[in-house]
Asks: 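Quick one: the structure is below, questions incoming.
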Number of protein chains: 2
Amino acid sequence: MTIKLDDVAKLAGVSKTTVSRVLNNRGYLSEETKKKVNKAMKELNYQPNAVARQLFRKKTNLVGLIFPTVDNPFFGELVAELEPRLFKAGFKVFIGNSMNDPEKEKAYLRELISNQVDGLIVGAHNYNIDEYMNTNLPIVAIDRIINKDIPVISSDNYQGGKLATELLIKRGAKFIVITDGPLSLQTPAHKRRQAYKDVMKAHGLEPRTFLINFSWSIEKKKRSIEKMFQKFPTMDGVFATNDIDAAMVWQTAEELGIEVPADLKIIGYDSAHSTRLLLPKLTTIEQPISAMAEAAVHTLLQRISGENIICEQVLPVRVWHGRSV
Amino acid sequence: MTIKLDDVAKLAGVSKTTVSRVLNNRGYLSEETKKKVNKAMKELNYQPNAVARQLFRKKTNLVGLIFPTVDNPFFGELVAELEPRLFKAGFKVFIGNSMNDPEKEKAYLRELISNQVDGLIVGAHNYNIDEYMNTNLPIVAIDRIINKDIPVISSDNYQGGKLATELLIKRGAKFIVITDGPLSLQTPAHKRRQAYKDVMKAHGLEPRTFLINFSWSIEKKKRSIEKMFQKFPTMDGVFATNDIDAAMVWQTAEELGIEVPADLKIIGYDSAHSTRLLLPKLTTIEQPISAMAEAAVHTLLQRISGENIICEQVLPVRVWHGRSV
DNA sequence: GTGAAAGCGCTAACAT
DNA sequence: ATGTTAGCGCTTTCAC
């Protein structure tokens with residue numbers, strides 16, 4: 001049995017109200033009473049029940065995070081940057097890894113709403129989900145379009161795609177393939193592909209897309225990449241829209257005896273801290289993860305406090321110069 | 001204003017009790033009533049308030065996860081493996097990144113207890129924290145000793161340290177340095193160092209430890225590693241107790257013109273999925289992350305359901321053969 | 001089969 | 001300066 005307010009009150013010889021007042025430091029209290037109550041709380045090792053408070057206050061100080069998986073350097077770093085900022089602002093964090101499964105995402109959404117979270121930060125890359133529409137919960141999306149009313153934080157995907165493609169071309173690549181997820185996902189990240197196409201066309205080169213789904217297993221991705229090499233034997237450049245895929249392309253090239261960057265130039269995307277530490281030689285587009293987290297939390301807090309600012313925030317990217325291009 | 005049970009009851013023309021029964025599928029109900037109520041719930045888009053339920057039931061179906069940071073391939077993968085298993089078992093997940101800050105860990109612990117979590121999985125590597133003692137909350141620790149009553153899941157750290165050291169020696173290294181965190185942390189991972197020492201001594205070699213604290217910044221780690229090379233100019237082997245450090249050692253060696261593995265052999269530890277994808281050439285000790293997550297969840301669920309099994313579970317490790325040794 | 005009423009632990013009017 | 005009481009949204013005895 002856990003200790004509750006009433007137990008403390010009885011031990012201190014006062015009413016529940018008084019204990020509550022001490023707990024919340026509200027109203028008039030004599031020093032003596034405060035001391036008595038504090039002593040009783042210590043003695044019983046009293047911990048207030050947050051659930052009861054939440055019910056009364058209709059505020060939980062809980063924020064839900066829905067992301068594909070934390071087991072990916074980009075999302076891992078993003079969550080690691082979000083969480084302490086939210087904690088500092090007084091929020092605890094629920095996490096849900098949707099693995100890009102719409103059913104799981106829906107389930108999370110329901111659970112989180114049911115748990116009365118005060119807000120949501122969503123970075124999962126899913127198909128349209130009605131549940132987002134029927135709620136006036138404060139939500140912020142990262143790199144994802146949910147609907148017009150939900151603010152989106154993203155990095156400059158068009159610029160990133162442009163920088164990547166131009167760099168490959170500048171270094172002499174002509175047969176450049178972009179690896180990307182399905183277009184059916186509504187994400188600003190598709191601007192990377194648009195930029196790629198635009199730049200290719202501007203240089204009189206033919207754009208080619210090869211599908212690699214983010215949520216495929218490692219084995220399936222690996223087989224797909226091998227197929228890509230078969231399908232495009234004269235390929236001399238790859239723009240992979242995330243670093244893990246870029247690393248797998250590089251690995252496959254090595255297995256096939258293809259020299260990087262001499263025979264094949266590879267550029268990735270994301271450049272999370274841990275990726276840069278493990279594979280600094282990978283040339284890649286660096287997303288400002290920390291700044292994105294900052295913007296997301298800032299915007300969410302604004303929303304929670306009632307400011308109904310609708311906006312899209314686009315943060316700058318830059319090239320991380322490794323040795324793969 | 002949110003829709004509550006009472007609103008549904010009114011619209012359906014029944015009592016709260018009946019709606020609650022429909023919601024929980026309990027007791028006798030006529031088909032007709034069920035239909036009426038379900039219709040009303042749909043119409044109002046009713047979502048039950050989990051907080052109110054939690055207060056009544058004294059069960060939250062919430063589990064807290066306390067880890068240093070999800071922005072590290074090992075912990076990221078661990079959390080990614082824990083979360084879906086807990087979700088499947090009906091639990092939602094709170095996450096707290098302690099960054100090995102005891103104050104933050106204490107704060108999390110208090111918050112989570114206050115939030116009435118049903119259980120805790122702790123993998124943060126901290127100094128002793130009293131708060132763990134004064135609770136009879138079901139807890140499972142990963143690679144960490146909290147007290148005798150708390151089950152520990154770990155991989156076979158002694159065997160890992162032995163395999164690593166023996167491999168370095170077998171390939172001809174003689175001046176082998178281990179990089180490790182401070183001994184003051186109570187973690188079974190210290191057995192890696194013990195195994196290293198034992199094996200070195202058995203081969204008549206002198207063990208040498210170089211401190212690299214997990215929670216140092218990248219820059220500080222980098223400077224430390226550079227110092228290590230200065231301090232031990234004849235070093236020909238490094239056993240890094242995590243892969244990120246191993247990668248940094250390798251990177252520094254390259255900058256200094258030292259050939260790996262010819263002049264310097266490096267072996268890491270952890271071998272998370274994403275690390276293996278990014279840097280498959282790193283020879284390292286592979287922890288069975290998925291099996292550890294499975295064991296942790298299984299044990300926690302047992303504890304939550306009241307079985308008071310005290311146990312230490314040690315799972316096997318193996319060598320990932322890259323090209324750095 | 002269905003409803004009225006009490007209570008989970010806490011807070012805040014409204015007394016006194 | 002402190003206590004009494006009602007109520008947050010839900011579930012569950014106990015009646016009918």
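Computation of the quantities below employed the complete heavy-atom set of this structure, encompassing side-chain atoms and omitting hydrogens, waters and symmetry-equivalent molecules. Naming: A, B, ... by sequence-line order, numbering from 1 per chain.
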Asks: Could you state the CG-P distance from A/N25 to D/dT2, rounded to the nearest angstrom?
Replies: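 Distance, rounded to whole Å: 14 Å.
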Asks: Where is the tightest heavy-atom contact between A/T299 and A/I153, given as atom of each residue plus distance?
Replies: OG1-CD1, 3.8 Å
Asks: When you check the side-chain N and O atoms of B/T17 and B/S20, is any donor under 3.5 Å from an acceptor?
Replies: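 Checked: B/T17/B/S20 side chains show no N/O donor-acceptor pair below 3.5 Å.
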Asks: Going by the angle between their ring planes, with limits at 30° and 60°, are A/F214 and A/F75 parallel, tilted or perpendicular?
Replies: perpendicular
Asks: Between D/dT11 atom C1' and B/L29 atom CG, what is the distance in whole Å?
Replies: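 It is 14 Å, rounded to the nearest whole Å.
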Asks: Quick one: is B/S15 getting a side-chain N or O under 4.0 Å of the C/dA4 phosphate, OP1 or OP2?
Replies: no
Asks: Please confirm whether the backbone N or O of B/P48 pairs with a side-chain atom of A/S114, one donor and one acceptor, at under 3.5 Å?
Replies: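 Judged by distance alone, yes, a pair lies under 3.5 Å.
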Asks: To the nearest Å, how far apart are A/K10 NZ and D/dT2 C1'?
Replies: 18 Å
Asks: Cation over ring, B/K92 on B/F87, under 6.0 Å and within 45°?
Replies: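 No, B/K92 does not lie over the aromatic ring of B/F87.
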Asks: Using a 4.0 Å cut-off on protein heavy atoms (strictly under), produce a 5'-to-3' string for nucleotides 9-16 of chain C with B for base contact, S for backbone-only sugar-phosphate contact, and - for none.
Replies: BBBBBB--
Asks: Could you point out which residue of B/R53, B/Q54, B/Q47 forms a side-chain hydrogen bond (donor to acceptor under 3.5 Å, both in side chains) with A/N115?
Replies: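 So the option named by the test is B/Q54.
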Asks: With a cut-off of less than 4.0 Å, is there a side-chain N or O of B/T18 near OP1 or OP2 of C/dG1?
Replies: no
Asks: Expressed as a whole number of angstroms, how long is the span from B/D7:CG to D/dC8:P?
Replies: 11 Å
